[in-house]
Number of protein chains: 2
Amino acid sequence: MAYAEQYIEKLRKSGLRPTKQRIKICEVLFDAEKTFHFTIKELVKIIENQANIKVSLATVYNTVHAFMKKGYLKEIPLNASQSYYDTNVTHHHHFFDEEENKLIDIHQDDVDEVNIKRTIPGKKIRSVEVIAKIVSDNQSQK
Amino acid sequence: MAYAEQYIEKLRKSGLRPTKQRIKICEVLFDAEKTFHFTIKELVKIIENQANIKVSLATVYNTVHAFMKKGYLKEIPLNASQSYYDTNVTHHHHFFDEEENKLIDIHQDDVDEVNIKRTIPGKKIRSVEVIAKIVSDNQSQK
DNA sequence: TCAACAGTTTAGAATAAATATAATATATTA
DNA sequence: TAATATATTATATTTATTCTAAACTGTTGA
Ligand SMILES: [Mn+2]
Ligand SMILES: [Mn+2]
Ligand SMILES: [Zn+2]
Ligand SMILES: [Zn+2]
């Protein structure tokens, strides 16, 4: 696996030693063809399914938090019952399908720059995120 | 209190009988000069402070949920550890001050209409919300 | 007016996400 | 490889939220 080097580097840059549990987590998170959104529970399930290695919840939480701090993962605030994470750390926005409970990326280029005319003294904007909630369009066709 | 009528109507429209606990909750939520953002814990504390009536957590949760369902309150997704609610149910956006953990309204007029060029087949957009995270601007003055 | 009923309140239990703990195990390094 | 620092894990704890079921209250129509 030629990717292992990259994972080890990501881990070290996150202040984490490369252990086999953490490298497994990296394989799931960063080896994917595409970026994806996940909850901790889903991540644990993926690891369990594709590995013969057991990783404790605590290790998963700690590793995910370290990657977030470093910017290798993003948290998407959606609802208060559970955290959603994103392996796509580029600046982008989201559709949230309220019926299927699923996040869909909207590329930055697909949203005109959000222009906020108001400012707060002494504060600067660090990030701007758009969440568009979508539902089935049951409009009868004209 | 001339407002009581309005509260009773709001409650009835939400499918709730007007009880003294629920009217108290209405007083806190809808009698304010201004709209505000709150967590359930904060709401319970406000009620405790300004009333000689005890309201259980379950009643607060149930009433808040009924008001949300009816559209008298909105939930603001911010982080997964706790729900934030908003008594401002008009279409608007938010700054989130990451240092003070505080939400600040951005009036709809202060944000140019968000133009999303991408669509999802069979789905329509129900709402679009912008959250701009802000931090102290420690830029040295030129 | 008031009994009967439907709906409400409440304390406490249950659930579930997230975090903390501390003993054991592993990675690093000299 | 020995010594040290760090990681892993099972388990406990914390906390937000929801559920439960018994006691209570608002409503309604006789
Ligand atoms: Mn929620
Ligand atoms: Mn929780
Ligand atoms: Zn995304
Ligand atoms: Zn608001």
Side-chain angles (χ1 to χ4, degrees), chain A residues 4-5 7-28 37-48 51-70 73-85 101, chain B residues 4-5 7-28 37-48 51-70 73-85 101:
Chain A
E5 305 294 311
Y7 302 152
I8 290 171
E9 193 182 339
K10 269 201 161 83
L11 287 165
R12 291 216 191 279
K13 285 191 174 168
S14 304
L16 299 175
R17 287 180 177 175
T19 63
K20 62 178 188 301
Q21 289 85 350
R22 287 170 177 166
I23 288 172
K24 183 70 224 171
I25 292 170
C26 286
E27 281 175 25
V28 171
H37 308 101
F38 64 93
T39 64
I40 293 291
K41 209 164 84 178
E42 289 165 353
L43 179 54
V44 168
K45 189 151 293 176
I46 296 170
I47 293 169
E48 276 174 359
N52 25 25
I53 174 181
K54 167 83 172 59
V55 181
S56 72
L57 246 196
T59 297
V60 173
Y61 271 108
N62 292 339
T63 307
V64 164
H65 282 167
F67 284 152
M68 278 215 293
K69 191 171 170 194
K70 186 65 186 177
L73 291 175
K74 274 204 308 188
E75 190 172 13
I76 311 295
L78 264 191
N79 68 64
S81 68
Q82 206 172 14
S83 285
Y84 280 72
Y85 302 93
N101 247 298
Chain B
E5 305 295 312
Y7 302 154
I8 290 170
E9 194 183 338
K10 269 201 161 84
L11 287 166
R12 290 215 190 278
K13 286 190 174 171
S14 305
L16 299 176
R17 286 179 179 175
T19 62
K20 61 180 189 302
Q21 288 86 349
R22 287 171 177 165
I23 288 172
K24 183 71 224 170
I25 292 171
C26 286
E27 280 174 27
V28 170
H37 307 102
F38 64 93
T39 64
I40 294 290
K41 209 163 85 178
E42 288 165 355
L43 178 55
V44 167
K45 189 152 292 175
I46 296 169
I47 293 169
E48 276 174 1
N52 26 23
I53 173 183
K54 167 85 173 55
V55 181
S56 72
L57 246 196
T59 297
V60 173
Y61 271 107
N62 291 339
T63 306
V64 164
H65 281 167
F67 284 153
M68 277 214 293
K69 191 171 167 192
K70 187 65 188 174
L73 291 176
K74 273 204 306 187
E75 189 173 14
I76 311 294
L78 265 189
N79 67 63
S81 68
Q82 207 173 13
S83 284
Y84 280 72
Y85 302 93
N101 246 299

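Reckoned from all heavy atoms, side chains included, excluding hydrogens, waters and symmetry mates. Numbered from 1 within each chain, the chains take letters A, B, ... in sequence-line order.
Across residues 12-22 of chain B, L16(B), R17(B), T19(B), Q21(B), R22(B) each have a non-hydrogen atom less than 4.0 Å from an atom of DNA chain C (numbered order).
Distances shorter than 4.0 Å separate some side-chain N or O of Y61(B) from OP1 or OP2 on dT17(D). Side-chain N/O atoms of T59(A) include one lying less than 4.0 angstrom from OP1 or OP2 on dT9(D). Between H65(A) and the phosphate of dT19(C), there is a side-chain N or O to OP1/OP2 separation shorter than 4.0 Å. The shortest distance between the side-chain N/O atoms of S83(A) and the OP1/OP2 oxygens of dA17(C) is not below 4.0 Å. Close to dT10(C), at under 4.0 Å from its OP1 or OP2, lies no side-chain N or O of K54(B).
Residue I23(B) contributes atom CD1, which lies 11 Å from atom C1' of dG26(D) at whole-angstrom precision. Separating the CG atom of L11(A) from the C1' atom of dT8(D) is a distance of 14 Å, rounded to the nearest angstrom. Atom NZ of K41(A) is separated from atom P of dA18(C) by 10 Å (rounded to the nearest Å). Note: CZ (F38(B)) to C1' (dA16(D)) measures 15 Å, nearest angstrom. Summarising the geometry, the separation between CG on L57(B) and P on dA14(C) is reported as 17 Å, rounded to the nearest angstrom. Rounded to whole Å, atom C1' of dA16(C) lies 14 Å from atom CD1 of I40(A). Between the CD atom of Q82(A) and the C1' atom of dT19(C) there is a distance of 16 Å, given to the nearest Å. Counting to the nearest Å, the P atom of dC24(D) and the CD1 atom of I53(B) are 16 Å from each other.
Take K13(B) and apply the side-chain hydrogen bond (donor to acceptor under 3.5 Å, both in side chains) test, not counting sequence neighbours, and it matches E9(B).
Proximity of V44(B) to V55(B): side-chain heavy atoms (C-beta onward) are nowhere separated by under 4.5 Å. In this structure, I25(A) and Y7(A) have side chains that are not in contact, with every pair of non-hydrogen atoms separated by 4.5 Å or more. Residues R22(A) and R17(A) are in side-chain contact: their nearest non-hydrogen atoms beyond the backbone lie under 4.5 Å apart.
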| task | For the pair E27(B) and K24(B), evaluate salt bridge (charged side-chain N to carboxylate O under 4.0 Å, His left out) and give the outcome as yes or no after the intermediate values. | result | CA-CA 5 Å; E27(B) 280 174 27; K24(B) 183 71 224 170; 3.1 Å; yes
| said: Evaluate L78(B) against N101(B) for side chain to side chain contact (heavy atoms under 4.5 Å, CB included), listing each step before the verdict. | reply: CA-CA 10 Å; L78(B) 265 189; N101(B) 246 299; 5.8 Å; no
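In terms of heavy-atom proximity, E42(B) sits nearest to H37(B) at OE1-O, 4.1 Å.
Between the CG atom of L73(A) and the OG atom of S14(A) there is a distance of 8.5 Å, given to the nearest 0.5 Å.
Axis angle across the helix from dT1(C)-dA30(D) to dA30(C)-dT1(D), with five pairs used at each end and values rounded to 10°: 30°.
Judged by distance alone, with hydrogens and angles left aside, the side-chain atoms of R12(B) form no donor-acceptor pair with the main-chain N or O of P18(B) at under 3.5 Å.
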